[in-house]
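Worksheet: one structure, shown below.
This is a predicted model, so every value here is computed, not measured.
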Amino acid sequence: MTWRRILRRLRRDWPGKLAAIAAALVLWWVASTNPDTTAQRSLLVPLQVTGAAEDEVTVGVPARVEVVVTGGSERMERLSARDIEAVLDLSGASGEFSRRIEARAPTALRVERVVPDEVIGRLEAMRRAEFLVRPRVEPAPAGEVFATVHVTPERAVVEARDPVLADVDGVVAWRPGDAPTGGEAVLLAVDAGGRPVAETHVVPEVATLEVVREPRWARSLVAVSVTPPSDPRVRIEGVTPGEVELIGPVGAADEVETVDGRVPDATAMLPPGRYDLPVRLALPDGVVAAGSVTAQVRVSPDVAPPGVMRGP
């Protein structure tokens, strides 16, 4: 088709074509500027439950429902879920129930339908039970142990439906491992296996943990080596016991292979003879011996120490 033919067709009955285009433009302008133009919207609205007793809980009731609303397009553009009310009235209900949901929209808007429009569920009694709070913290770093863990408060109340509360074995105060030294902990209702129980409410919801740490202790049996005084008159003839048990922090007591000891410096001032003397052990900080060590010491009369007269 040539351009000449196209132009001839466009010029043919051009007043009618121009009138049709003008009418379409007018209709579009009216539709876009007329606030009375009807529009429809669907919104998810939180479902409000009324009429139930404070010690009752609903089972089988959805948290949100779909509400379809129609009205003027200008008003619908500003509409949000907060402007719509969806209410389930359970006044007079007991046990299992079947009730319709009532939805209300602002003035000049109309509720077309609610999905679902009817709820089939049941009311169950909410029970309460008190439990002792048990602390649950992450393991201590290597070389440390938890000496004591204080929990405040010491007891908490669990609220739940009858069949749910029957699964609760206790309450634990859980503290994440990123800060195991204490602080605020979450209270969780758990079963006999230590697993959290769903659909429970713990009062209060949090507790405070105070964790006290102490070094991890170790025990080791090591040999005792006694160094005699520099005085040649003094000779070590034996050590009882030859090994001693050390107790102290991990990394200190368990790394000692031999412990050194000395007899009192005044030993050289003793008259000749054989003596059982206590041994002073050189121990690392924080390490103690689980018993005493005695050295059998002989003081010889061969050489007299300075300032000491030898007897006849």
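Rounding to the nearest 0.5 Å gives a distance of 11.5 Å between CD1 of I247 and CG of L283. For the atom pair CZ (R64) and CG (L43), the distance works out to 12.0 Å, reported to the nearest 0.5 Å. A distance of 10.0 Å separates OG of S225 from CD1 of I236, quoted to the nearest 0.5 Å. Going from atom CD of E56 over to atom CZ of R122 covers 13.0 Å, rounded to the nearest 0.5 Å. Rounding to the nearest 0.5 Å places OG of S80 at 8.0 Å from CZ of R41. Taken to the nearest 0.5 Å, the OG1 atom of T200 stands 11.0 Å off from the CG atom of L187.
Linking ILVMFWY residues whenever their side-chain heavy atoms come closer than 4.5 Å, directly or via other members, leaves V61 and M126 in distinct clusters. V57 and V158 are members of different hydrophobic clusters when ILVMFWY side chains are connected at heavy-atom separations under 4.5 Å. When the side chains of ILVMFWY residues are joined at heavy-atom separations under 4.5 Å, either directly or via intervening members, V259 and V226 end up in a single hydrophobic cluster. There is no path of hydrophobic side-chain contacts, each under 4.5 Å, that joins V68 to V114.
Side-chain contact between I101 and L47 is present, with heavy atoms from C-beta onward closer than 4.5 Å. L90 places a side-chain heavy atom less than 4.5 Å from the side chain of L123. Here the side chains of I84 and P106 are in contact, with some heavy-atom distance below 4.5 Å. Taking 4.5 Å as the limit, every side-chain heavy atom of P241 sits out of range of all side-chain heavy atoms of V224. Considering only heavy atoms from C-beta on, R233 comes within 4.5 Å of P272 through its side chain. Between V239 and V293, the closest side-chain pair of non-hydrogen atoms falls below 4.5 Å. Looking only at side-chain heavy atoms (C-beta outward), V202 and V157 stay at 4.5 Å or farther from each other. Two residues are said to be in side-chain contact when any heavy atoms from C-beta on lie closer than 4.5 Å; V171 and L188 fail this criterion.
Residue E154 comes nearest to L132 through the heavy atom pair O-CD1, 3.3 Å, listed as atom of the first residue, atom of the second, then distance. Heavy atoms only, all atoms of each residue included: A173 and V133 are closest at CB-CG1, 3.8 Å. What you find for V263 and A295 is that their closest heavy atoms are CG1-CB, 3.9 Å. Across all non-hydrogen atoms, the minimal contact from F131 to G170 is CD2-CA, 3.7 Å. Here the closest non-hydrogen pair linking V244 and G291 is CG2-O, 4.1 Å. Nearest heavy atoms, A81 versus V45: O-CG1, 4.2 Å.
We find that E245 and R219 are joined by a salt bridge, their nearest charged nitrogen and carboxylate oxygen being less than 4.0 Å apart. Under 4.0 Å is where a charged nitrogen must lie from a carboxylate oxygen, and between E77 and R75 no such pair does. With respect to E237 and R274, a salt bridge is recorded, a charged nitrogen being found less than 4.0 Å from a carboxylate O. Ion pair R104/E102 not flagged as a salt bridge, since none of the NZ, NE, NH1 or NH2 atoms sits closer than 4.0 Å to an Asp/Glu carboxylate oxygen.
The environment of D285 atom CG is sparse: at most 12 non-hydrogen atoms of other residues, nucleotides or ligands sit within 6.0 angstrom. Within 6.0 Å of the CD atom in E130, the count of heavy atoms belonging to other residues, nucleotides or ligands exceeds 12. For CZ of R155, the number of neighbouring non-hydrogen atoms (other residues, nucleotides, ligands) closer than 6.0 Å is greater than 12. The number of heavy-atom neighbours closer than 6.0 Å to CZ of R78, taken from other residues, nucleotides and ligands shown, is above 12.
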Report all side-chain donor-acceptor pairs from residues 93-100 shorter than 3.5 Å, counting only partners two or more places apart or in another chain.
from, atom 1, to, atom 2, distance (Å)
S98, OG, E118, OE2, 2.5
R99, NH1, D89, O, 2.8
R99, NH1, S91, O, 3.3
R99, NH2, S91, O, 3.1
R100, NH2, D117, OD2, 3.1

Side chain to side chain donor-acceptor pair (under 3.5 Å) evaluation trace for Q296 with T240: CA-CA 8 Å; Q296 290 77 50; T240 305; 3.3 Å; yes
side-chain contact (heavy atoms from CB on, under 4.5 Å) between V69 and M76, worked out: CA-CA 8 Å; V69 182; M76 293 293 285; 4.3 Å; yes
Stepwise side-chain contact (heavy atoms from CB on, under 4.5 Å) test for V197 and V164: CA-CA 8 Å; V197 180; V164 175; 3.8 Å; yes
Pair L209-V149, side-chain contact (heavy atoms from CB on, under 4.5 Å): steps then yes or no: CA-CA 7 Å; L209 289 183; V149 181; 4.1 Å; yes
Test log, rule side-chain contact (heavy atoms from CB on, under 4.5 Å), inputs T50 and L88: CA-CA 6 Å; T50 63; L88 177 65; over 6 Å; no
Test log, rule salt bridge (Lys or Arg N to Asp or Glu O under 4.0 Å), inputs E199 and R161: CA-CA 8 Å; E199 299 183 44; R161 297 182 288 118; 2.7 Å; yes
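Residues H201 and E159 have side chains that bring a donor and an acceptor to within less than 3.5 angstrom of each other. Checking E112 against T70 by side-chain atom types alone, a donor-acceptor pair falls below 3.5 Å.
Take T227 and apply the side-chain contact (heavy atoms from CB on, under 4.5 Å) test, not counting sequence neighbours, and it matches R262.
Checking side-chain atoms of R134 against main-chain N and O of V172 turns up no donor-acceptor pair under 3.5 Å. At distances below 3.5 Å, not a single donor-acceptor pair connects side-chain atoms of R195 with backbone N or O atoms of V190.
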